[in-house]
Number of protein chains: 2
Amino acid sequence: MNKRNDLGTEPCPVARSISVVGDRWSLLLVRDAFDGVCRFSDFQRSLGVARNILAERLRRLVDAGILETRPGSNGGAHQEYVLTAQGQSLFPVVVALRQWGERHLFEQGEPHSELVEKSTGQPLHFMAPQAADGRPISPGDTEVRKLA
Amino acid sequence: MNKRNDLGTEPCPVARSISVVGDRWSLLLVRDAFDGVCRFSDFQRSLGVARNILAERLRRLVDAGILETRPGSNGGAHQEYVLTAQGQSLFPVVVALRQWGERHLFEQGEPHSELVEKSTGQPLHFMAPQAADGRPISPGDTEVRKLA
DNA sequence: CAGTATCCCTCAAGATACTG
DNA sequence: CAGTATCTTGAGGGATACTG
C-alpha cells in the first residue's frame, strides 16, 4: 500500500519522523548544526556532499521548520542556517543515535568523538525512556496504543 | 569526499548509526519488532513494502546483529525475527523519533498511536539527555570532543 | 562564497512470477 | 507461507560548469 512517499501521512509518529529526517543527510546536517556549523560551505566541507544536494536538503529542512535562515552575523552577504526550537528538539534523537553507535559500532578502544557537557567536561549520562516518576522503562514494559 | 557509502567508517557515532539504520525501512522494522511483529508476512502487511525489499532489509538487520532468526515458536516451518540485545538497545532511538513526531508532526487533536507503560497505562515520560547527576542538559550545554 | 543549472548514473524500491 | 529471481522505474545523488 505504501506507494512511494506516503509515510508522512501515517498515523505512527515514528513513520512521520522518518519521512522528514529519515534520509542519509538530514540528521547529519542537524548534528552539524548542533555543533555550531551554520554556513553552506562549512556543511559542504563537513559532509562532502554535492552542492546541489546540500542546497536541496537545507531547503527541505527549512521548509520542515527545522532550520531557519538568518542574514549572517557579521556584515557579510552570506546567510546562516540555524536550528529552530523544533530543530533543537531533535537533540534526543541525535543523542540516542550517537549513544547507540558508540556502544555497538566501534571496536574496543577505537576512538570516536564524544558529546560532553561544557561546564564539567563529562560525557552525557546514558539516556533512557522512563516513567513519569523516573523509573527506567524497558521495551517489554511498553505497548503501543493505537490512535490514542 | 564521501563517495557513496563510507558513512560506516566515519569517526562520528551518529554517522555510523545512520549508515546502519538510516534508511526508510530499517527503523520501521525495528519499531514493528518492538511491537511484537516477528513474521515475514506480518512485517509485509504492516509496512506494505515489496517482498524482495523486505527480505533484503531483514537480512541486513540480521547481519548487523539487530535481529536474529529463530525456528518459530509453534511447530510450524516458518522462522521468526526477534530483536537481539543490540536491537533492543535501539529503544531510545525509536522513542526519541516517536516523541519528536508526536510533538511536531501532528495537528492539534489529530489522533496518533501512543507508547504507554503496560502496567499503568500511562504514556512515557518525555525523554531528554541528562548529566550523570540527573540534571537535564540542553544542546547549548554540550560540545563534541573529537576522537575521545 | 553561496548557491543554481545540467547531465548522467547508480541503486533503492516496486511489480510480478516463480519455488520449496 | 516465506521467501527468491527478474525486470523496470524513478529518485537520490555525484560531477561539473556557471552566476550574482
Side-chain angles (χ1 to χ4, degrees), chain A residues 1-10 15 18-29 32-33 36-64 67-82, chain B residues 1-8 10 15 18-30 32-33 36-64 67-82:
Chain A
M1 294 302 171
N2 268 312
K3 286 300 179 198
R4 182 64 78 163
N5 260 339
D6 35 3
L7 254 54
T9 62
E10 292 258 319
I18 287 175
S19 79
V20 177
V21 295
D23 70 285
R24 190 157 237 73
W25 298 120
S26 294
L27 282 176
L28 293 176
L29 289 171
D32 279 353
V37 175
C38 59
R39 290 175 56 170
F40 189 91
S41 60
D42 292 332
F43 285 115
Q44 210 267 325
R45 185 169 23 253
S46 167
L47 296 182
V49 60
R51 285 207 278 293
N52 50 350
I53 303 298
L54 176 57
E56 192 232 352
R57 280 304 129 95
L58 288 171
R59 206 179 310 130
R60 276 183 41 179
L61 289 172
V62 169
D63 289 348
L67 294 177
E68 63 185 358
T69 54
R70 284 190 190 165
S73 50
N74 64 30
H78 67 274
Q79 58 181 356
E80 297 182 343
Y81 295 86
V82 296
Chain B
M1 293 300 170
N2 268 314
K3 285 299 177 197
R4 180 65 72 162
N5 260 338
D6 36 3
L7 253 53
E10 293 256 320
I18 288 175
S19 78
V20 177
V21 296
D23 70 284
R24 189 159 235 72
W25 298 119
S26 295
L27 282 176
L28 293 175
L29 289 172
V30 171
D32 278 354
V37 176
C38 58
R39 289 175 56 170
F40 188 91
S41 59
D42 292 332
F43 285 117
Q44 210 267 325
R45 185 169 23 255
S46 168
L47 296 181
V49 60
R51 284 207 280 292
N52 51 350
I53 301 297
L54 176 57
E56 193 230 352
R57 279 304 127 92
L58 288 171
R59 206 179 310 130
R60 275 182 44 178
L61 289 172
V62 169
D63 290 349
L67 294 177
E68 64 185 357
T69 55
R70 284 189 189 165
S73 50
N74 64 30
H78 67 274
Q79 57 181 358
E80 298 182 341
Y81 296 87
V82 296

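So you know, we letter chains A, B, ... as the sequences are listed, proteins then strands, and number each from 1. These values consider heavy atoms only, across backbone and side chains, with no hydrogens, waters or symmetry-generated copies.
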Remember a base hit wins even if backbone is also touched, and classify B:F43 as base, sugar-phosphate or nothing at under 4.0 Å, heavy atoms. nothing
When A:F40 and B:E56 are each assigned the nearest nucleotide of DNA chain C, the 5'-most assignment goes to A:F40
Evaluate the criterion side-chain contact (heavy atoms from CB on, under 4.5 Å) for residue pair B:L54 and B:L29; output intermediate values, then yes/no. CA-CA 9 Å; B:L54 176 57; B:L29 289 172; 3.7 Å; yes
Any N/O pairs under 3.5 Å between the protein and nucleotides 16-20 of chain C? List them or say none.
none

Tell me which of B:A55 and A:D23 sits closer to the 5' end of DNA chain D, going by the nucleotide each one is nearest to. B:A55
Rounded to whole angstroms, how far apart are OH on B:Y81 and C1' on D:dC1? 12 Å
Between CZ of B:R59 and C1' of D:dG3 the distance, given in whole Å, is 9 Å
Just N and O in the side chain of B:Q79: are any of them under 4.0 Å from OP1 or OP2 of D:dG3? yes
Ignoring the backbone of B:R24, work out which of D:dG14, C:dG3, C:dA13 is nearest its side chain. C:dA13
Nucleotide D:dG3, atom P - distance to CG of B:L67 in whole Å: 12 Å
Between B:Q44 (CD) and D:dC1 (P), how many Å, whole number? 10 Å
Is B:D42 salt-bridged to B:R45, going by a charged N under 4.0 Å from an acidic O? yes
For DNA chain C, what dot-bracket results from Watson-Crick or G-U pairs at under 3.5 Å, with [ ] for crossers and | for inter-strand partners? ||||||||||||||||||||
Atom CG of B:L29 and atom P of C:dA12 are separated, to the nearest Å, by 15 Å
Rounded to the nearest angstrom, tell me the gap between atom CD1 in B:I53 and atom P in D:dT8. 16 Å
Run B:R51 and B:F40 through side-chain contact (heavy atoms from CB on, under 4.5 Å) and show every step you take. CA-CA 9 Å; B:R51 284 207 280 292; B:F40 188 91; 3.8 Å; yes
Identify the heavy atoms of A:L7 and A:S19 that sit nearest to each other, and give their distance. CB-CB, 3.6 Å
To the nearest 0.5 Å, what is the distance between CZ on A:R24 and CD1 on A:I53? 12.5 Å
Between A:R57 and A:V49, is a side-chain contact (heavy atoms from CB on, under 4.5 Å) present by the stated rule, with each step listed? CA-CA 10 Å; A:R57 280 304 129 95; A:V49 60; over 6 Å; no
Might you point out which heavy atoms bring A:R60 and A:V20 nearest each other, and give the distance in Å? NH2-O, 3.7 Å
Taking all heavy atoms of B:V62 and all of B:T69, pick out the closest pair and write down the distance. CG2-CG2, 4.3 Å
Just how far is it from atom CG of B:D63 to atom CG of B:L58, taken to the nearest 0.5 Å? 11.0 Å
Atom-to-atom span, CG of A:L54 to P of C:dC1 - whole angstrom: 13 Å
Nearest-Å distance for atom pair CZ/P, residues B:R70 and D:dA2: 16 Å
At under 4.0 Å between heavy atoms, what does B:R45 touch on the DNA or RNA strands: base, sugar-phosphate, or nothing? nothing
Find the distance between CD1 (A:I18) and CH2 (B:W25) and round it off to the nearest 0.5 Å. 9.5 Å
Any base atoms under 4.0 Å from A:R57, or only sugar-phosphate, or nothing? Heavy atoms, all strands. sugar-phosphate
